[in-house]
Structures are given as structure tokens and as C-alpha cells.
Amino acid sequence: MPKLTFPDGASRDYPAGVTGLEVAESISKSLAKKALVIELDGALWDLKREIPGDAAIRIITAADPAGLEIIRHDVAHILAQAVQDLFPGTQVTIGPVIENGFYYDFARDEPFSTDDFAKIEAKMAAIIDADHPFEREEWEREKAIMFFRDMGEEYKAQIIEDLPVDEVVSVYRQGPWIDLCRGPHMPSTGKIPKAFKLMKLAGAYWRGDHRNAMLQRMYGTAWATKADLEKHLVQIEEAEKRDHRKIGRQMDLFHLQPEAQGSVFWHPAGFTVWRQLEAYIRRRLDEDGYDEVKTPQLMDSGMWERSGHWSKFRDGMFVVPDDIPSLDDDGPIVRADADLLALKPMNCPAHIQIFNNGQRSYRDLPWRMAEFGCCHRNESHGALHGLLRVRQMTQDDAHIFCREDQVVAETKKFLDLFASVYDDFNMTDIDYKLATRPETRAGDDATWDRAEKNLAAALDAAGLKYDLAAGEGAFYGPKLEFHLTDAIGRTWQAGTFQLDYVLPERLDASYVGADGEKHRPVMLHRAVFGTFERFIGLLIEHHAGAFPTWLAPTQVVVATITSDADDYAETAAARLRDAGLRVAVDLRNEKINYKIREHSERKVPWIAVVGRQEAENGALAMRRFGIEGRNQEIKPLNDVVTELAEEALPPDVRRAKHGDATAAAAE
RNA sequence: GCCGCUGUAGCUCAGUGGUAGAGCGCACCCUUGGUAAGGGUGAGGUCGAGUGUUCAACUCACUCCAGCGGCACCA
């Protein structure tokens with residue numbers, strides 16, 4: 001007699017052999033109707049399976065996040081059934097639930113087309129209408145392998161072969177269709193909400209390994225209700241509107257072109273944003289005790305051999321022969337045996353050269369060496385993506401050389417800086433992760449133990465909660481990952497922090513300790529923004545192009561209503577410029593509506609409208625971006641100059657100007 | 001790099017086996033208009049590149065290039 005405990009703490013005895021469905025019915029008919037699966041002590045269980053013993057239970061419906069996963073899993077199954085029905089000879093593989101939906105990988109020689117989606121979706125709806133019960137069976141392992149092999153389902157057979165020997169092999173029937181599956185499933189296909197949609201088609205390697213066959217992956221989204229599906233589709237549209245590539249074109253920030261794929265042409269407006277960011281972070285680093293340096297773009301391949309990059313990452317480096325190209329049309333342009341140089345893919349080896357140039361004492365440490373270093377990486381063509389994945393990038397990079405006993409304090413110092421910077425950008429939703437040792441790595445386990453412990457201690461000291469990302473560290477040391485959530489809930493990684501014991505060793509960096517002996521410094525690789533390219537991409541999408549005033553390419557446009565106000569407009573603009581603002585003047589022979597529209601589309605924070613009245617009164621009609629409909633405030637020019645100059649201050653400068661008093665008052 | 005899709009004017013996109021169209025933008029003219037598109041005229045295209053099929057290719061086929069969505073990669 002299983003004793004079942006309900007979420008409210010009450011418990012009740014049920015007859016042996018009772019199923020989840022019967023339990024649900026004993027509570028209420030409507031619950032039984034809505035029930036999808038039952039949770040037993042935290043594990044999900046088919047409603048039609050006997051409950052084996054005492055358990056804390058919860059009936060899962062579509063309204064439950066776990067229920068939504070069941071729905072998505074079941075939709076993946078009926079997708080597979082529909083596809084095999086419509087395209088005989090297609091092999092099924094796996095079809096997991098992912099964020100917002102699911103995918104299914106199929107093996108088929110002919111390519112699928114998105115044109116097939118309508119047909120497949122119709123078939124899926126028919127399977128739901130048929131209301132096939134999902135029926136679980138447990139099979140003997142060899143029988144299952146034979147069965148799927150006989151069906152020509154090589155991938156399924158392989159999956160079973162690779163299951164741990166003690167794992168129960170279960171299959172589920174849904175009407176005429178049968179599939180290997182761990183389950184659980186809802187009682188029948190008829191309970192699946194018709195709130196799904198096939199989204200896209202893509203290639204994916206079998207088991208994620210590029211040496212394996214390429215399968216065809218269908219992505220879909222599925223929800224508990226049609227309204228949820230609609231909402232999701234609208235959200236996708238919203239995200240598309242924020243696409244930094246699109247906004248970059250609309251706001252004339254930058255462009256990319258085939259002759260320099262992966263490298264950005266920054267236009268004046270876009271580079272204005274860059275300059276603000278660079279000036280900002282430079283102030284922050286100066287304040288935090290960094291020394292800025294500049295190191296060579298090209299270094300001899302020998303340097304990269306010594307650093308270890310040549311053997312491991314040569315395929316991602318741009319290599320240049322160290323030879324004068326020949327003007328002779330007949331012969332080769334460069335000698336075949338020319339020495340090789342490489343464009344730097346990172347700044348750290350060069351920074352070690354500065355460290356090594358002269359004798360260093362323990363008194364010099366920590367040495368925080370910063371560089372806005374322009375690096376090149378020969379990223380594969382398929383990886384390039386707007387500003388987010390480029391071949392030429394500039395990092396707000398720095399390397400901190402320190403003693404082992406300084407690692408925790410330096411890490412904490414960086415974490416404080418990091419949080420403060422992102423706070424200035426109004427991005428306070430940050431998840432921290434400690435990425436630990438990967439399978440292939442340099443350095444011994446004792447060193448890794450110490451390194452991971454140091455980072456954990458620093459996170460604790462900074463009062464930060466964090467998760468582990470096991471095996472995600474760099475090959476030379478553990479990393480901290482910073483996952484930011486943007487205005488519409490997407491997560492991004494920009495900055496980085498890595499602990500490195502290996503490179504100082506390889507490039508023989510040392511300092512003289514208090515004991516008069518030579519010691520190895522520890523090296524901390526760190527970047528707050530990451531790369532300017534990626535960070536600007538992130539900012540564009542986070543703000544949907546509407547930058548805060550201090551970053552906006554143009555901060556205020558003075559737009560005239562009639563040409564009688566032209567002279568005054570120029571005077572007002574000059575005043576604003578003198579106050580340090582980025583000002584444009586629009587004297588065109590256009591209606592004010594048209595001017596407002598155009599500058600609003602460019603997301604200029606302020607439009608200062610001047611007509612005859614403003615010109616006579618020495619005023620401006622100020623219109624702030626982002627407020628729907630007519631919004632204006634007539635203000636004396638002098639007041640506007642003062643107020644906008646204040647609003648346009650970078651956050652750190654404003655903080656310094658007003659001291660900590662305002663900050664404290666704000667808390 | 002792999003799989004799929006796409007490539008037509010500065011931008012967004014129609015279009016057909018018989019050598020191209022719209023809207024916006026741009027230029028010029030009229031309009032001086034009070035908070036998200038005033039009107040007119042005009043310029044602008046080797047239809048991504050190459051090869052092939054055809055009397056004829058922007059259209060069909062193949063190859064290449066690039067972009068997009070994934071996968072793999074990401075020091």
C-alpha cells in the first residue's frame with residue numbers, strides 16, 4: 001500500500017498497483033483530465049505506470065514548467081512519426097527538448113526543405129487527432145538492438161549499444177509507431193496542445209562530432225497554449241528588430257563587406273560610440289592601477305612556437321612571410337623559404353616580453369598591464385557573425401602579473417571592477433560561472449586544484465554566487481565566465497577572466513622574491529568588455545539602438561521650423577557644442593514632422609525644435625526620444641545647456657563630480 | 001570547414017526563357033510648414049561572379065564567392 005504525500009504535506013494510502021492517473025482521479029476529475037505525468041520524489045513517471053511504493057508526489061499539468069517539457073518532448077516524437085510517415089527511409093536519431101522547443105535529427109539522403117514543413121505540421125496535427133495512446137514497454141537489450149537494426153534504424157541500435165549495461169531499455173508505442181525512449185510521456189497524443197511550429201532546418205553532426213555523418217536537424221517550438229506560441233513568435237520578431245546588423249545599417253554605425261569579411265568598417269557614428277567606450281574604460285583602468293602599453297602586431301613565428309600557440313592554434317592565425325615581395329612578374333612574389341611572421345591573435349606573449357625586459361622584483365607585483373590590442377584570428381567562415389564573431393578585434397585586454405598569494409585579492413579586485421562597469425551600463429543581471437579543468441590541459445593536478453580554489457575564494461570574497469561549468473576552462477587554467485542577461489532576457493558572454501600558470505613558465509617570466517631567489521609570477525588574463533566589436537553589438541541589441549545620452553553618436557539635433565530661425569539654431573547649437581555635446585543642426589527645407597521622424601528613427605536622444613517663438617525668447621522646445629506622441633518642454637537655452645551637459649556625462653565622471661554623497665543618497 | 005536557404009537600384013523587396021519594376025532614400029524645383037513621411041521632376045541596375053544548355057539566360061544547370069540559419073570551432 002503506497003503512502004503518497006501531496007505537495008501540501010497531506011498524505012494518503014493507496015492500494016498497491018495504483019497508477020498516477022488513478023491518483024489524479026481520486027483528487028478531481030478535472031485534474032485527471034489535465035494531468036500529463038506524475039512526479040514521484042522528484043522523478044517524472046508515466047501516469048499509466050504503477051506507482052511502486054511510498055513517495056512524495058505532484059501531478060504535472062501543462063501549466064507546470066515540467067509539463068511544458070513533456071509537451072515539447074512529445075511533440076518531438078510526433079514530429080519523428082510524421083516525418084517517417086511522409087518520408088519513408090528516413091532514420092530517426094535523437095530529439096531532445098531545448099529552450100523554447102525541441103529539435104529532431106534525421107538521417108536521410110535527400111535534403112528536407114522548409115517547404116515540407118506545412119505538410120509535416122498537418123501530419124502532426126493528424127497524429128494528435130488520432131489520439132494514439134503512448135505505451136511503455138521494457139525490452140531486453142539484445143532484442144531491442146536486433147529490432148531496430150532490422151528496421152534499418154542504425155542510429156537507434158547504436159544508441160542502445162552505447163547505453164550503460166544496467167540501464168533499462170524502454171520503448172514507447174504511439175499507434176503504429178514505435179521508438180526507443182527513456183520517457184516519460186503523456187497518456188496519449190491527443191493531449192498534446194496544437195501550439196507548435198516547425199521553425200528551421202539545419203545540419204548537425206551525429207553526436208556533435210565533425211568526423212561523423214551530417215544529419216538533418218529540424219527545430220520546432222511548442223507551448224502549452226496557442227497564446228504562448230503567439231507570444232513567443234512576437235518575441236522572435238522583437239529580437240529581430242534589435243539585430244545589431246540591421247540597426248548598424250539604419251543608424252549608419254558600421255558596415256562589413258566581402259573584401260574584408262570579418263573585419264569592420266566603422267563609420268563616424270559607430271566609431272563615436274567606440275571612442276566613448278574606450279575613453280570610459282581607460283579612465284576606469286587608470287583609476288584601478290593599470291599601466292597601458294602598446295605591443296607589436298607582427299611577431300616572428302618563433303615567438304608563437306615558444307608560447308605554445310603555434311602548435312595548438314596555428315590554424316587560426318594569419319601568417320605573413322618576412323620577405324620583400326618581388327615586382328618581377330615571372331617569379332614568385334615571395335620566397336618559398338621566407339621566415340614567417342604572424343599577426344597577433346592575442347596580446348599576452350607580447351606583454352610577457354615587456355615583463356621580461358629587465359629584472360622584476362616582488363615589489364613590482366602586482367603589475368597590471370593593459371592594452372587596447374588589435375588582434376586577428378582566422379575564424380572559419382561559418383563562424384563569422386556580424387560584430388559578434390569577427391576576425392579583427394580589439395580587446396580591452398590586460399594581464400596581471402602577480403604572486404601566488406595575490407591571486408585572490410587581484411581576482412576580487414577585478415570582480416569589483418567588473419560589477420561596477422556593468423552597473424554603469426545598467427546591466428546588473430549577471431550570472432557567474434567558474435569554468436574548471438578541461439580534459440586536455442597543461443599543468444599538473446595540484447596546480448589546477450590550487451587555481452580553482454583561488455578563484456572560488458575570490459568569488460566568495462566578493463560575495464558572489466556562482467555555478468560550476470565543469471570542464472569548460474581554458475587548457476592552461478580555469479576561467480570565470482560572466483553571463484549577462486539583456487533587456488529582453490537573452491544571455492551574452494562578453495568579459496573574461498582566466499588564471500594562467502603555464503604561459504609564464506613557457507616564456508620564462510620570473511621575478512626576484514624577498515628571499516633573493518627567482519620565482520614564477522602567476523598571470524591573470526582579463527577583459528571587462530571583451531572586445532569592443534562584440535560589446536558594441538551587445539549594447540546595440542540591449543538598447544535596441546537607443547543608446548544612453550553619453551554614448552549616443554549624436555546627442556541632440558537642433559531642428560528648425562522656419563528658416564527665420566536658422567541663425568538662432570546655429571547659435572544654440574554652438575552653445576551646446578561648447579558645453580561638450582555632440583550636436584547636429586537640421587536647417588533643411590522640410591516640415592518639422594519630417595525632421596522629427598527622421599531623427600527619431602536614428603534614435604537621437606534629444607531634438608531641440610526652434611521656431612520663431614524660441615528664437616525670440618532664447619528658448620528651445622525639447623523633445624526626448626522614446627516617449628510616445630507629442631512631448632515637448634519649452635526651456636531657456638541656458639537651462640538646456642546645463643541640463644544636457646550633466647546628462648551627457650559618462651557615469652564614472654558624473655560619480656566623480658558629485659562624490660559619493662549622491663551615490664549614498666540614491667541607495 | 002560541414003548542412004540547408006538566399007543573392008535584382010544606397011535600403012526594403014516585386015518580377016519574367018525574348019536584355020528590368022515599386023516604395024523609401026538621393027539630386028533639382030515648388031512649398032516656410034509647430035512635434036513621426038507636403039507636392040512635382042529626375043538620376044541611379046553587367047539582375048553576386050564564372051562556365052555551360054539554348055536562336056535567346058536576370059530566369060535553367062554546374063562551379064565559385066558572399067550573406068543568413070544551424071553544426072563543428074572559439075587561445
Side-chain angles (χ1 to χ4, degrees), chain A residues 103 105 111-116 199-219 240 243 245-246 249-250 252 255-259 261-262 304 307-317 344-349 375 377-386 388-391 393 395 438 442 472-477 479 493 496 498 500 502-503 525 534 559-566 587-602 607-614 621-625 627-634:
Chain A
Y103 66 77
D105 285 349
F112 289 111
S113 151
T114 46
D115 296 338
D116 300 326
M199 302 298 286
K200 53 199 176 192
L201 211 47
Y205 298 106
W206 166 237
R207 297 194 155 154
D209 189 326
H210 66 276
R211 289 164 302 194
N212 290 342
M214 171 77 53
L215 305 172
Q216 298 189 63
R217 177 170 296 178
M218 281 185 201
Y219 284 91
E240 276 168 9
D243 190 308
R245 293 163 297 191
K246 191 175 173 151
R249 233 190 338 265
Q250 285 166 352
D252 196 17
H255 86 269
L256 295 153
Q257 67 185 51
E259 289 80 0
Q261 50 173 307
W304 304 105
S307 71
H309 293 96
W310 194 253
S311 59
K312 200 167 163 61
F313 295 109
R314 187 175 58 216
D315 61 346
M317 291 164 74
K344 67 175 166 186
M346 51 185 359
N347 304 303
C348 34
C375 296
R377 294 182 184 178
N378 199 345
E379 303 280 4
S380 59
H381 290 77
L384 299 174
H385 182 96
L388 304 183
R389 191 81 179 266
V390 290
R391 288 175 145 179
M393 73 213 81
Q395 296 170 287
E472 295 289 311
F475 77 97
Y476 51 71
K479 294 199 284 202
Q493 276 196 71
T496 182
Q498 301 166 17
D500 185 358
V502 173
L503 203 57
H525 306 244
R534 167 169 259 273
T560 51
I561 292 170
T562 114
S563 51
D564 293 345
D566 285 1
L587 305 181
R588 290 175 304 171
N589 177 14
E590 296 290 353
K591 292 200 167 185
I592 193 62
N593 290 20
Y594 182 88
K595 295 185 183 182
I596 300 272
R597 176 181 158 84
E598 190 168 290
H599 301 302
S600 297
E601 280 185 337
R602 289 241 168 162
I607 300 173
V609 175
V610 298
R612 207 165 285 144
Q613 291 173 35
E614 287 75 16
M622 299 301 293
R623 184 185 214 276
R624 183 189 271 285
F625 176 76
I627 297 171
E628 289 295 311
R630 184 187 167 100
N631 78 84
Q632 70 162 344
E633 203 176 347
I634 314 265

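Values reported hereafter were calculated over all heavy atoms of this structure, with side chains retained and with hydrogens, waters and symmetry mates removed. Labels below follow one simple rule: chain letters A, B, ... track the order of the sequence lines, proteins then strands, and each chain is numbered from 1.
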- side-chain N/O A:Tyr205 vs B:G70 OP1/OP2, d < 4.0 Å: no
- Query: Has the side chain of A:Asp566 got a donor or acceptor atom that lies under 3.5 Å from a matching backbone atom of A:Thr560?
  - Reply: no
- Taking a pair to mean Watson-Crick or G-U wobble geometry with both distances below 3.5 Å, B:G69 pairs with B:C3
- Message: Just N and O in the side chain of A:Lys591: are any of them under 4.0 Å from OP1 or OP2 of B:G38?
- Response: no
- Query: Closer than 4.0 Å, any side-chain N/O of A:His385 to the OP1 or OP2 of B:G69?
  - Reply: yes
- Task: Among B:G34, B:A36, B:C71, find the nucleotide with the atom closest to the side chain of A:Gln632.
- Result: B:G34
- In whole angstrom, give the distance that lies between atom CH2 of A:Trp206 and atom P of B:C71. 17 Å
- What interatomic distance, in whole Å, is found between P of B:G25 and the corresponding atom of B:C65? 38 Å
- Query: Could a donor-acceptor pair under 3.5 angstrom be found where the side chain of A:Arg377 meets the base of B:C74?
  - Reply: no
- Could you tell me which nucleotide pairs with B:G44 by Watson-Crick or G-U wobble geometry, both distances under 3.5 Å, or answer none if nothing does? none
- Message: Students often get this wrong, so: under 4.0 angstrom with heavy atoms, is A:Gly316 touching a base, only sugar-phosphate, or nothing?
- Response: base
- Between A:Lys595 and A:Arg588, is there a donor-acceptor pair closer than 3.5 Å when you use the side chain of the first and the backbone of the second? yes
- Between B:G33, B:A36, B:G34, which one does the side chain of A:Thr562 approach most closely? B:G33
- Note on the structure: Whole-Å distance, A:Glu601 CD to B:G23 C1', equals 14 Å
- Query: Base, sugar-phosphate, or nothing for A:Gln216, non-hydrogen atoms under 4.0 angstrom?
  - Reply: nothing
- Message: Salt bridge or not between A:Glu598 and A:Arg602? Use side-chain N to carboxylate O under 4.0 Å.
- Response: no
- Polar side-chain contact A:Ser380-B:A72 base: donor and acceptor under 3.5 Å: yes
- Could you state the CZ-P distance from A:Arg588 to B:U35, rounded to the nearest angstrom? 17 Å
- Task: Take atom CD of A:Glu590 and atom C1' of B:A27, then tell me their distance rounded to the nearest Å.
- Result: 13 Å
- d(NE2, A:His210; P, B:C2) in whole Å: 12 Å
- Given atom CD of A:Glu379 and atom C1' of B:G1, what is their separation to the nearest angstrom? 12 Å
- Task: Looking only at side-chain atoms of A:Ala621, point me to the closest of B:A36, B:U35, B:U32.
- Result: B:U35
- Task: Kindly say whether, by distance alone, the side chain of A:Glu598 makes a donor-acceptor pair under 3.5 Å with the base of B:G25?
- Result: no
- Task: Figure out the CG/C1' separation between A:Leu388 and B:C68, and round it to whole Å.
- Result: 14 Å
- Item | Strand partner of B:U54, provided both Watson-Crick or wobble distances fall under 3.5 Å | none
- Nearest-neighbour nucleotide for the A:Met214 side chain, B:C3, B:G34, B:A75 considered: B:C3
- Note on the structure: Testing B:G34, B:U32, B:A66 for proximity to the side chain of A:Ser563, the answer is B:U32
- Item | Straight-line distance of A:Arg217 CZ to A:Leu201 CG, nearest 0.5 Å | 11.5 Å
- Item | Separation of B:G48 C1' from A:Gln261 CD (nearest whole Å) | 14 Å
- Taking a pair to mean Watson-Crick or G-U wobble geometry with both distances below 3.5 Å, B:C13 pairs with B:G21
- Can you figure out which of B:G70, B:A36, B:G34 approaches the side chain of A:Ser600 most closely? B:A36
- Message: Under 4.0 Å, counting only non-hydrogen atoms across every strand here, what does A:Tyr103 touch: a base, just sugar-phosphate, or nothing?
- Response: nothing
- Query: What nucleotide among B:A66, B:C73, B:G4 has an atom nearest to a side-chain atom of A:Pro111?
  - Reply: B:G4
- Using a cut-off of 4.0 Å on non-hydrogen atoms, how would the nucleic acid contact of A:Ile592 be classed: base, sugar-phosphate, or nothing? sugar-phosphate
- Message: Quick check: do A:Phe625 and A:His599 have side-chain heavy atoms less than 4.5 Å from each other?
- Response: no
- Please check the phosphate of B:A36 (OP1 and OP2 only) for any side-chain N or O of A:Arg623 closer than 4.0 Å. yes
- So, is A:Tyr594 close to the B:G39 phosphate, meaning a side-chain N or O under 4.0 Å from OP1 or OP2? no
- Query: Base, sugar-phosphate alone, or nothing: which one does A:Tyr219 contact when heavy atoms must sit under 4.0 Å apart?
  - Reply: sugar-phosphate
- Message: Suppose we define a pair by two distances each less than 3.5 Å, Watson-Crick or G-U wobble; what does B:C74 pair with here?
- Response: none
- Message: It should be established whether A:Arg245 places a side-chain nitrogen or oxygen under 4.0 Å from OP1 or OP2 of nucleotide B:C68.
- Response: yes
- Could you work out which one of B:A75, B:C11, B:G34 sits closest to the side chain of A:Ile561? B:G34
- Determine, stepwise, if the pair A:Lys479 / A:His525 fulfils side chain to side chain contact (heavy atoms under 4.5 Å, CB included). CA-CA 9 Å; A:Lys479 294 199 284 202; A:His525 306 244; over 6 Å; no
- Message: Assess whether a salt bridge exists between A:Asp209 and A:Arg207, defined as any Lys/Arg side-chain N lying under 4.0 Å from an Asp/Glu carboxylate O.
- Response: no
- Query: Parallel under 30°, tilted from 30 to 60°, perpendicular over 60°: which one fits the rings of A:His210 and A:Tyr205?
  - Reply: perpendicular
